[in-house]
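Scroll down for the structure; my scribbles are underneath it.
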Number of protein chains: 2
Amino acid sequence: MELSERKLKILQAIISDYIKTAEPVGSRTLSKQEGLSYSPATIRNEMADLEEMGYLTHPHTSAGRVPSDKAYRLYVNELMAKSELSKEEKAIIANRLHDTTVDFDETIKHAASLLSEITNLTSFAMTPKKNEDVIKYINLLPVDEETVVMMIVSESGKVSNRALKMSVPYTEDKLDLLSKTMTYNYKGKTVSQALTNNIIANFETDVVAMSGMAEDVMPNFMKTLEEMLNVNLYMDGLSNIFDIPEYSDVAKARSFIEMMTQKEEMTKKLIERDDGILITIGDENKDSELSDVSLITASYSVDGKLVGKIGVIGPTRMRYSKITSIMEYLTDNLSGSFKLESGDADEDQASEDPEETQNDESREDS
Amino acid sequence: MELSERKLKILQAIISDYIKTAEPVGSRTLSKQEGLSYSPATIRNEMADLEEMGYLTHPHTSAGRVPSDKAYRLYVNELMAKSELSKEEKAIIANRLHDTTVDFDETIKHAASLLSEITNLTSFAMTPKKNEDVIKYINLLPVDEETVVMMIVSESGKVSNRALKMSVPYTEDKLDLLSKTMTYNYKGKTVSQALTNNIIANFETDVVAMSGMAEDVMPNFMKTLEEMLNVNLYMDGLSNIFDIPEYSDVAKARSFIEMMTQKEEMTKKLIERDDGILITIGDENKDSELSDVSLITASYSVDGKLVGKIGVIGPTRMRYSKITSIMEYLTDNLSGSFKLESGDADEDQASEDPEETQNDESREDS
DNA sequence: ATTAGCACTCGCACCGTTGGAGTGCTAATC
DNA sequence: GATTAGCACTCCAACGGTGCGAGTGCTAAT
């Protein structure tokens with residue numbers, strides 16, 4: 001069967017209505033709608049066809065129709081109007097995002113809470129992967145007789161440090177020499193190169209003169225590098241999940257919250273997803289906990305290299321166009337602000353040209 | 001009316017039974033219990049008295065009795081047997097806690113997840129307040145032409161750092177001089193002193209020679225100090241809250257999760273609580289979200305000074321004695337391990353003398 | 001003072017009923 | 001041939017009634 005023009009129109013109306021009301025929509029209400037000048041009976045026939053084609057379902061015989069995941073997919077791919085944020089909305093986002101802080105992680109965290117606040121959904125934001133971050137500088141500083149602090153500075157401006165106990169006495173001179181040797185050996189390497197490459201071996205022979213200091217330092221160096229690779233996952237609006245009718249079933253809500261609070265697993269799942277804006281609807285999600293919701297992720301970049309992600313989880317009947325617009329603007333802004341921070345910025349963050357709405361059907365803002 | 005010996009015995013039996021079964025307990029089941037050799041009728045009379053006195057309630061006429069908050073309070077204060085952990089249990093906790101990591105925050109986080117895993121409750125753990133932490137060392141290090149890294153090292157071994165942009169060119173010599181001046185001025189001060197005292201004013205005049213470098217550095221110094229004061233709150237087992245029947249009401253579960261995920265507010269509430277082991281039961285909690293649950297917090301110390309807290313939230317019918325024992329052991333262990341890390345440790349962590357159980361009634365282990 | 005006995009209460013689970021919303025089908029209409 | 005009006009039908013959700021079981025409160029006997 002073909003998806004005629006009229007079928008599409010009806011399907012779109014059903015989806016829009018259902019997104020607004022969350023109620024199964026019947027033929028009568030549809031026929032009263034602006035632009036749909038067919039009788040309920042006609043619409044019923046079309047709906048029956050659409051159901052046969054898999055775009056609609058039927059909670060029970062005497063209920064209205066509900067869009068299926070397939071319908072949302074069609075909607076997102078083809079029917080959806082790309083909504084443009086108003087100047088005011090953009091201003092709010094930009095202001096809130098650059099509020100006070102300049103700290104990397106802090107900004108990302110901010111982005112997550114901002115996103116959940118605007119959308120009323122559960123949101124999260126991931127700090128960038130730093131595998132590609134380049135080591136610039138390694139420094140060892142005395143603290144007291146047996147303690148020194150190691151710090152690693154990367155090109156992106158990230159500083160990691162760690163206090164460590166020395167099992168052998170040290171002098172400032174030796175410490176300094178060791179710092180310089182390490183910097184010489186690792187400068188310009190990426191963090192993951194430093195971790196995997198076997199520089200340590202031939203390096204240790206070099207510094208055997210330092211009477212065991214390297215043995216104290218190197219393991220900590222490796223640990224610190226590993227820590228630099230850790231990505232943080234921030235989350236907000238967790239309780240918004242209860243707005244979704246499916247999750248008024250406590251067992252489901254529980255397993256959802258369980259999944260979300262497993263940060264390591266969640267991080268892994270998010271990293272695996274493709275970059276750019278990616279929408280997965282209902283059963284398209286691999287996790288059974290997500291089979292009733294949609295997941296939208298968007299990636300941002302720093303210097304076009306390190307890539308982090310933000311995302312939202314909400315009901316399949318969410319305002320896709322509005323939300324993707326918000327996320328798009330947000331990631332543009334994030335990528336922009338990190339470019340700035342890294343020093344060599346050109347100022348053109350988040351291009352402002354108001355690329356007008358092309359598709360004018362299906363307003364879905366409340 | 002007086003709380004006779006027999007009333008106490010019955011009350012205790014009711015509480016124990018209810019903690020186990022979560023079902024209202026009736027007179028018949030009680031009379032069949034070991035040690036309670038009274039007829040159901042007698043027990044019913046006593047129960048009626050206990051209810052009048054406020055220790056029991058009645059979900060409805062034809063249901064068994066349920067202990068009130070007042071009853072749990074009595075139980076915790078007087079009836080409860082102090083349970084001692086077995087050697088095995090202690091070993092498990094100690095091992096898991098000192099697993100791999102030596103990092104401060106990491107250990108606390110570990111403690112939270114360990115606690116929730118053992119108790120099957122929602123748990124949290126707070127890193128110590130660091131107001132009293134003493135500044136040891138301030139260092140400014142060059143990164144590139146316009147970027148320097150500032151690091152602050154404290155007596156407790158904590159290192160904080162921050163990368164900052166300089167608006168004026170700097171030389172390494174000047175940077176070094178500034179580091180030394182700052183260290184000279186702040187060494188030995190606590191973090192909160194450094195923040196509140198007005199050293200900055202007369203300090204800035206000192207270094208006017210440094211042609212504005214101080215203007216770039218000082219605000220960042222203050223911010224970093226502020227950051228050092230931040231306490232982190234880790235949480236685990238959030239979804240365990242769904243085990244509590246009261247929270248199968250979605251609205252309640254929602255507001256609970258909302259409360260818990262407001263980390264700043266939660267932190268404040270926890271800090272306000274008295275130190276030591278503190279149990280608050282049901283309506284004793286100020287927050288309405290907690291009026292159906294009990295909250296147990298315990299504090300740990302580092303060098304007897306900096307104080308953090310761990311805690312659990314669970315049903316009022318929880319195994320108080322077991323759980324307080326676990327928390328006691330855990331905090332002892334935490335305090336002990338931080339003493340070690342700070343360097344000048346005497347080795348006596350978590351005193352091991354097996355102070356035997358004094359009270360032998362009411363076993364409440366499953 | 002304790003206990004046995006019994007009437008009573010109440011929640012819960014299980015019907016059967018009713019009403020309304022919405023469908024599917026058929027026959028009439030454009 | 002496509003559209004529509006009409007109508008019988010289905011199903012859910014809400015409501016009220018009923019029976020059962022657990023547990024109480026009271027009274028009278030021990």
Side-chain angles (χ1 to χ4, degrees), chain A residues 1-11 13-18 20-33 35-68 71 245-246 248-249, chain B residues 1-11 13-18 20-33 35-68 71 245-246 248-249:
Chain A
M1 206 179 318
E2 272 300 291
L3 260 180
S4 69
E5 192 66 28
R6 191 170 69 181
K7 281 194 176 56
L8 274 179
K9 226 167 159 180
I10 290 175
L11 183 55
I14 293 175
I15 294 175
S16 294
D17 195 86
Y18 188 66
K20 270 202 212 91
T21 64
E23 297 289 324
V25 9
S27 55
R28 244 184 76 83
T29 39
L30 266 188
S31 98
K32 271 184 278 184
Q33 206 161 97
L36 275 281
S37 45
Y38 314 103
S39 79
T42 315
I43 292 179
R44 277 204 291 283
N45 285 328
E46 296 288 41
M47 291 202 298
D49 288 353
L50 284 167
E51 179 159 6
E52 205 177 322
M53 296 162 81
Y55 291 108
L56 295 178
T57 50
H58 229 175
H60 55 264
T61 7
S62 71
R65 297 313 211 285
V66 167
S68 68
E246 274 80 5
S248 51
D249 174 0
Chain B
M1 206 179 320
E2 270 302 287
L3 260 180
S4 69
E5 192 65 26
R6 190 169 70 184
K7 281 193 175 59
L8 273 180
K9 225 166 160 180
I10 291 176
L11 183 55
I14 292 174
I15 295 175
S16 294
D17 195 84
Y18 188 67
K20 271 202 213 91
T21 63
E23 296 289 326
V25 10
S27 55
R28 243 183 79 83
T29 38
L30 266 188
S31 99
K32 270 184 277 184
Q33 206 161 97
L36 274 284
S37 46
Y38 314 101
S39 79
T42 315
I43 292 177
R44 276 205 292 283
N45 285 327
E46 296 287 42
M47 291 202 299
D49 289 352
L50 284 167
E51 179 158 7
E52 207 177 320
M53 296 164 78
Y55 290 107
L56 295 177
T57 50
H58 228 173
H60 56 265
T61 7
S62 71
R65 297 311 210 287
V66 167
S68 67
E246 272 81 5
S248 51
D249 173 0

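Each chain gets a letter, A, B and so on, in the order its sequence line appears, and its residues count up from 1.
If you check residues 23-32 of chain A against DNA chain C, the residues with a heavy atom closer than 4.0 Å are A/Gly26, A/Ser27, listed by number.
When the P atom of C/dG24 is taken as reference, atom CE of A/Met47 falls 7 Å away, rounded to whole Å. With rounding to whole Å, B/Glu46 atom CD is found 15 Å from D/dG25 atom C1'. We find that CG of A/Leu56 is positioned 11 Å from P of C/dT23, with the value rounded to whole Å. To the nearest angstrom, P of D/dT3 lies 11 Å from CD1 of A/Ile43. Rounded to whole Å, the distance from CG on B/Asp49 to P on C/dT2 is 11 Å. The separation between A/Ile10 atom CD1 and D/dA2 atom P is 15 Å, rounded to whole Å. In this structure, A/Leu50 places its CG atom 15 Å from C1' of C/dT23, rounding to the nearest Å.
In terms of heavy-atom proximity, B/Ala13 sits nearest to B/Leu30 at CB-CD2, 3.8 Å. Across B/Ser248 and B/Pro245, no two heavy atoms sit closer than the pair OG-O, 2.6 Å.
At least one donor-acceptor pair under 3.5 Å links the side chain of A/Thr29 to the backbone N or O of A/Gly26.
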Practice prompt. Just do the side-chain contact (heavy atoms from CB on, under 4.5 Å) check on A/Met47 and A/Leu11 with the steps written out, would you?
Written response: CA-CA 8 Å; A/Met47 291 202 298; A/Leu11 183 55; over 6 Å; no

Which side-chain N or O atoms in residues 50-60 of chain A pair as donor and acceptor under 3.5 Å with protein atoms at least two apart or in another chain?
| unit_1 | atom_1 | unit_2 | atom_2 | d |
| --- | --- | --- | --- | --- |
| A/Glu51 | OE1 | A/Arg65 | NE | 2.7 |
| A/Glu51 | OE1 | A/Arg65 | NH2 | 2.9 |
| A/Thr57 | OG1 | A/Val66 | O | 3.4 |

Show me the donor-acceptor pairs, under 3.5 Å and distance only, between side chains in residues 35-44 of chain B and residues at least two apart or in other chains.
| unit_1 | atom_1 | unit_2 | atom_2 | d |
| --- | --- | --- | --- | --- |
| B/Ser39 | OG | B/Ala41 | N | 3.3 |
| B/Ser39 | OG | B/Thr42 | N | 3.3 |
| B/Ser39 | OG | B/Thr42 | OG1 | 3.0 |
| B/Arg44 | NH1 | B/Ser27 | OG | 3.1 |

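Distance check: B/Leu8 CG to B/Ile10 CD1 gives 10.0 Å after rounding to the nearest 0.5 Å.
For A/Arg6, the CZ atom sits in a packed shell: over 12 heavy atoms of surrounding residues, nucleotides or ligands are nearer than 6.0 Å.
Contact annotation: A/Thr42 side-chain N/O to D/dT4 OP1/OP2 distance is under 4.0 Å.
The shortest distance between side-chain heavy atoms of B/Asn45 and B/Asp49 does not fall below 4.5 Å. Side-chain contact between B/Thr21 and B/Val25 is absent, with no heavy atoms from C-beta onward closer than 4.5 Å.
The nucleotide whose nearest atom lies closest to any side-chain atom of B/Ala48 is, among D/dG25, C/dT23, D/dT4, D/dG25. Ranking C/dT2, C/dG24, D/dT3 by closeness to the B/Arg6 side chain, first place goes to C/dT2.
Secondary structure note: stems in DNA chain D built from 3 or more consecutive Watson-Crick or G-U wobble pairs under 3.5 Å occupy C:1-30 with D:1-30.
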Scan nucleotides 7-14 of chain D against the protein and return all N/O pairs shorter than 3.5 Å with their distances rounded to 0.1 Å.
| unit_1 | atom_1 | unit_2 | atom_2 | d |
| --- | --- | --- | --- | --- |
| D/dC11 | O5' | A/Thr61 | OG1 | 3.4 |
| D/dC11 | O2 | A/Ser62 | OG | 2.9 |

Show me the protein contacts with nucleotides 27-30 of chain D, counting only N or O atoms at under 3.5 Å.
none

